[in-house]
Amino acid sequence: MTKKSLLVLLGMVMALMLVLAACGGSDEPASTDEDPDVEDPVEGEGEDGDGEEAASGEPQQGGSIVLSTSGEPVTFNPLYIQDTASSDVADMIHAQLIEADPELNLTPSLATELPEISEDGLEHTYTIHEGVLFHDGEELTAEDVKFTYDIFIHEDYTGPRAGDFEYLDSVEVIDDYTVKFILSDVDATFSTRTTYGILPKHILDDVPVADLEEHMEYNRNNPIGAGPFEFVEYVDGQYIELVAHEDYFADGPYLDKITWRVASDSNAELLLFETGETDHMILPATEYATAETYDHGRISSTLALRYDYIGWNNERPLFQDPKVRQALTMAIDRQLIVDEIMEGRAEVAHAPASPLSWAYPDSAPEFDYDPEGAKELLAEAGWEPGADGILEKDGERFAFEILSNDGNVVRRDIGVIVQQMLGDIGIEVEARQMEWGAFLEQTNPPNRDFDAVVLAWGLGLDPDPSAIWHSRENQAGLNSISYNNPTVDELADANKKIVDQDERAEAISEIFQIVAEEQPYTFLFYPEQHVLLNNRLQGFTHHPRLNSYKVNEWYVTE
């Protein structure tokens with residue numbers, strides 16, 4: 001596909017979307033990041049050039065801000081979250097034992113210091129701050145920590161994180177402010193697993209674990225945490241309102257109130273910012289040039305701890321042959337997507353890891369844009385043009401649907417462009433977007449009713465590949481495309497037991513190279529993330545992974 005034809009196609013898409021918007025528009029997320037798990041972070045382009053805002057004096061107390069999202073949160077219970085729209089809000093409500101700074105180093109939060117780890121690596125002991133209060137005034141103690149992490153290892157836990165805790169044997173309360181995690185085997189990833197928000201035992205203790213994921217009285221209607229902001233109200237499709245937790249255990253919060261405005265898509269978000277109705281939004285690269293013209297705003301940028309991808313459902317016969325998946329990648333001009341859709345503000349991806357990661361492979365198989373080579377691979381796999389030019393094999397046409405979520409214009413455009421590019425080599429593709437909740441229900445286990453999806457992984461702190469690529473995660477975990485490779489399973493199991501980081505990086509890199517060779521995903525790009533901020537909003541630190549990082553330190557100047 002030529003650049004000219006791509007621009008014409010995008011113009012047609014935008015014209016169509018204007019018509020659709022006039023007929024009611026769409027809603028849902030600007031991103032669909034998940035959380036499995038990163039040397040040398042790429043610095044941002046904030047006010048002082050490093051992803052952090054330049055100092056502008058002492059923080060001021062009081063005032064409010066409005067943030068926007070084009071994603072409807074699904075749950076505010078951190079043990080079940082699988083999307084960014086939910087986690088951005090939940091991170092303001094809940095507090096966790098430890099967190100990661102912008103350089104991805106672990107730092108204590110509820111914990112007074114990083115854990116004391118026994119010589120054999122099987123016991124991790126945390127001491128928490130005294131006097132930490134939940135939003136209802138009850139004290140957070142070691143009992144709440146134990147309660148929270150016991151859920152992950154309960155046989156009835158229905159969330160996607162059980163695999164993260166396969167070696168957690170038990171949690172022991174030593175005293176009110178000391179808790180010990182006891183492992184059945186060495187797990188080099190475990191310290192990064194204690195970053196989940198702590199739940200209140202006194203509220204949820206009577207809820208069966210099997211029912212907790214659907215317990216919306218807490219998860220959506222009245223979540224209680226110990227974070228810097230308290231939940232007030234969530235009106236579907238309109239807004240989420242939070243107010244300051246006056247007894248927050250750390251600095252701040254300085255703001256009195258935060259409101260999240262739910263917009264139909266990123267175009268609507270930009271209009272809200274332009275008219276002064278919002279103070280903060282995640283800015284698509286497509287809108288960067290427009291946002292630069294706003295006198296009342298500024299842009300902060302950093303390389304996100306993330307990659308975007310097209311996932312091929314490996315359970316579908318169309319996508320079971322690695323040659324076919326390699327051919328699909330070769331038929332997609334990812335550099336053109338980066339240049340035209342991402343405005344050059346991304347880097348073509350070749351492996352399931354971020355360049356920010358200490359386990360990023362030195363080399364990985366690369367399947368560069370080569371439509372003629374793609375045709376040859378497909379022919380080798382038995383696919384030949386039919387009477388209408390669409391490839392056929394054993395009487396079956398090579399035709400499928402590629403799904404993405406409403407409200408995400410980048411993914412919409414990727415779907416349309418991929419439809420055209422694959423059409424050029426004889427593959428019939430229908431690009432479709434769905435409402436976010438329905439999208440999750442259709443694509444996640446147990447339904448997994450899809451051919452291909454355009455999504456992204458917001459990566460976790462540890463590069464352990466198990467959560468996404470181990471076959472045991474097919475049924476209830478994050479391996480929603482049903483990838484299965486026994487060698488990857490074996491290497492993934494072994495990597496957690498390697499304590500030396502350099503040695504472990506080699507093992508993980510081997511996994512990434514196998515996955516890159518087999519192309520269960522087409523790895524699209526590593527994006528920059530841009531945040532558009534009102535000049536009145538100060539104290540913001542741009543984190544490569546957390547959109548609500550240190551929200552307790554944000555403040556406004558009038």
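Counting from 1, the numbers follow the sequence of the chain as shown.
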Indicate whether the side chain of [X] and that of [Y] have a donor and an acceptor atom separated by less than 3.5 Å.
| X | Y | result |
| --- | --- | --- |
| D150 | Y157 | no |
| H542 | Q529 | yes |
| Q61 | Y555 | no |
| H129 | T112 | no |
| Y239 | E233 | yes |
| H202 | E138 | no |
| T189 | D187 | yes |
| E269 | S68 | yes |
| Y254 | Q538 | no |

Would you check if [X] and [Y] make a side-chain contact, meaning some heavy-atom pair closer than 4.5 Å?
| X | Y | answer |
| --- | --- | --- |
| E130 | T141 | no |
| L478 | Q82 | yes |
| L461 | T195 | yes |

Under the ring pair (Phe, Tyr, Trp, His ring centres under 6.0 Å) rule, collect the residues that match up with F147, sequence neighbours excluded. none
Quickly, which of Y126, F152, F165 forms a ring pair (Phe, Tyr, Trp, His ring centres under 6.0 Å) with F181? Name it, please. Y126
[X]/[Y] aromatic ring centres below 6.0 Å:
| X | Y | value |
| --- | --- | --- |
| Y549 | W554 | no |
| Y167 | F190 | no |
| F229 | Y248 | no |

What orientation do W469 and Y521 show, parallel under 30°, tilted 30 to 60°, or perpendicular over 60°?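 Ring orientation, 0 to 90° scale: tilted.
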Please check if the side chain of [X] supplies one atom and the backbone of [Y] the other of a donor-acceptor pair under 3.5 Å.
| X | Y | result |
| --- | --- | --- |
| H135 | H94 | no |
| R545 | L459 | yes |
| N219 | E213 | yes |
| N552 | D251 | yes |
| E72 | G237 | yes |
| T148 | D144 | yes |
| N535 | D295 | yes |
| T69 | A85 | no |
| H543 | A100 | yes |
| Y218 | I224 | yes |

Does R345 make a cation-pi contact with Y288, if we ask for NZ or CZ under 6.0 Å from the ring centre and within 45° of the axis?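 Yes - R345 lies over the ring of Y288, closer than 6.0 Å to its centre and within 45° of its axis.
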